[in-house]
There are 2 protein chains.
Amino acid sequence: MKLSKRGEYGLRAMADLAAQTPLGGVVPLKDIAQREQIPAKFLEQILLALKNAGLLGSKMGIGGGYHLARPADQITLGQIVRVLDGPLAPIRCVSKMAYEPCACPDEATCGLRLVMLDVRNAIADILDGTTLADVAHRVEVARIERR
Amino acid sequence: MKLSKRGEYGLRAMADLAAQTPLGGVVPLKDIAQREQIPAKFLEQILLALKNAGLLGSKMGIGGGYHLARPADQITLGQIVRVLDGPLAPIRCVSKMAYEPCACPDEATCGLRLVMLDVRNAIADILDGTTLADVAHRVEVARIERR
DNA sequence: ATAAAGTCTACTGAAGTTATAAAGTTTTGA
DNA sequence: TCAAAACTTTATAACTTCAGTAGACTTTAT
């Protein structure tokens, strides 16, 4: 039931990009790494994976950097986590995106499977229902409420 | 976001015990391993951990075996998973049972944390709200419905 | 040209997962 | 008694994943 560092760093970096990217601009990896306290070389691999998955765009050379491939309200946390950590489901036989049969003789009446399906749906509802824009909004609300 | 084999086998074994234990009786490990297709030596480690955590009792000698330490409606899946796989929370800074601070400068306004707290609560609601008796009941319902 | 920035591949040490093996202890039926 | 059945404990090993490093290469603004 754990999110890997890879997944955590990726989510933080994407949220950072959503908040910090100037209009039509680009953010260098080093800036993200510094702000979010992520080892730069590790972040490289992570952003590369997100780029290959079509969630990020990049610009090479001086003044280059990364930017979201789509507006922040069209990128969900579920998409990001699936790229970096694989399926959301706790066991493969309840995964929608990466189903695999399990050992039990009859899936339809497997008690464990029924419960884990509930768990996977609960997780997916939250992660697929939350966009980077939603995250930014919640941070704003939390900041105001604390005053 | 994954349940280990250890956790999966443990849950299956506990559900098996809830369904198969005769009143006041005991089930030998070998029977569970055979029915649930679990390597016996691996299952030994798992049941031992559950016993040390106070979820199982055992009886030695000929005719010995394992039994639930409490009635099936007083053992939740959350208790079992925590023993075998650790905290339910996707990241430690939202764990109730094993909290640890994360790197972010201010937890109260960390967007990732707010979302992951929702996820951990969703998982915990299901797993802590489902007992072995509930699982057995759902299996019954599924069997009847399929006809 | 050159320095800043991203791209890509490969590697590594540590930890965790999934077992298997061996030896030891307790209980109990015959 | 005594030996089989069952649980207990420790050790080990193959395999995979995780987290991070290293280094060579490409692109681009100036």
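Here is the naming used below: chain letters follow the sequence lines, and residue numbers restart at 1 for every chain. Reckoned from all heavy atoms, side chains included, excluding hydrogens, waters and symmetry mates.
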Is there a continuous path of hydrophobic side-chain contacts, each under 4.5 Å between heavy atoms, that joins A/Leu43 to A/Leu68? yes

Using only side-chain N and O atoms of A/Ser58, determine if any of them is under 4.0 Å from OP1 or OP2 of C/dT7. yes

Rounded to whole angstrom units, what separation is found between the [atom1] atom of [X] and the [atom2] atom of [N]?
| X | N | atom1 | atom2 | answer |
| --- | --- | --- | --- | --- |
| A/Lys30 | C/dG6 | NZ | P | 9 Å |
| B/Ile38 | C/dA19 | CD1 | P | 10 Å |
| B/Ile46 | D/dC7 | CD1 | P | 14 Å |
| B/Leu56 | D/dA6 | CG | C1' | 15 Å |
| B/Leu50 | D/dT8 | CG | P | 12 Å |
| A/Glu8 | D/dT17 | CD | P | 21 Å |
| A/Asn52 | C/dT7 | CG | C1' | 9 Å |
| B/Gln37 | C/dT18 | CD | C1' | 17 Å |

Exceeds 12 heavy-atom contacts within 6.0 angstrom, atom CD of A/Glu107: yes

Which nucleotide, if any, forms a Watson-Crick or G-U wobble pair with D/dT30, using both distances under 3.5 Å?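 Paired with C/dA1.
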
So A/Leu29, base contact, sugar-phosphate only, or nothing? Heavy-atom distance under 4.0 Å. sugar-phosphate

With side chain to side chain contact (heavy atoms under 4.5 Å, CB included) as the criterion, how do A/Arg120 and A/Ile91 come out once you've worked through the C-alpha distance, each side chain's angles and the decisive distance to 0.1 Å? CA-CA 9 Å; A/Arg120 114 91 232 190; A/Ile91 50 180; over 6 Å; no

Quick one, [X] and [Y] - any side-chain contact, counting heavy atoms below 4.5 Å?
| X | Y | answer |
| --- | --- | --- |
| A/Gln20 | A/Arg35 | yes |
| B/Thr131 | B/Ile75 | no |
| B/Leu132 | B/Ile80 | yes |

Considering only NZ, NE, NH1 and NH2 on the basic side and carboxylate oxygens on the acidic side, decide whether A/Asp128 and A/Arg82 come within less than 4.0 Å. yes

Please encode protein proximity along nucleotides 18-30 of chain D as a string of B, S and -, counting only heavy-atom distances under 4.0 Å. -BBB-B---BBB-

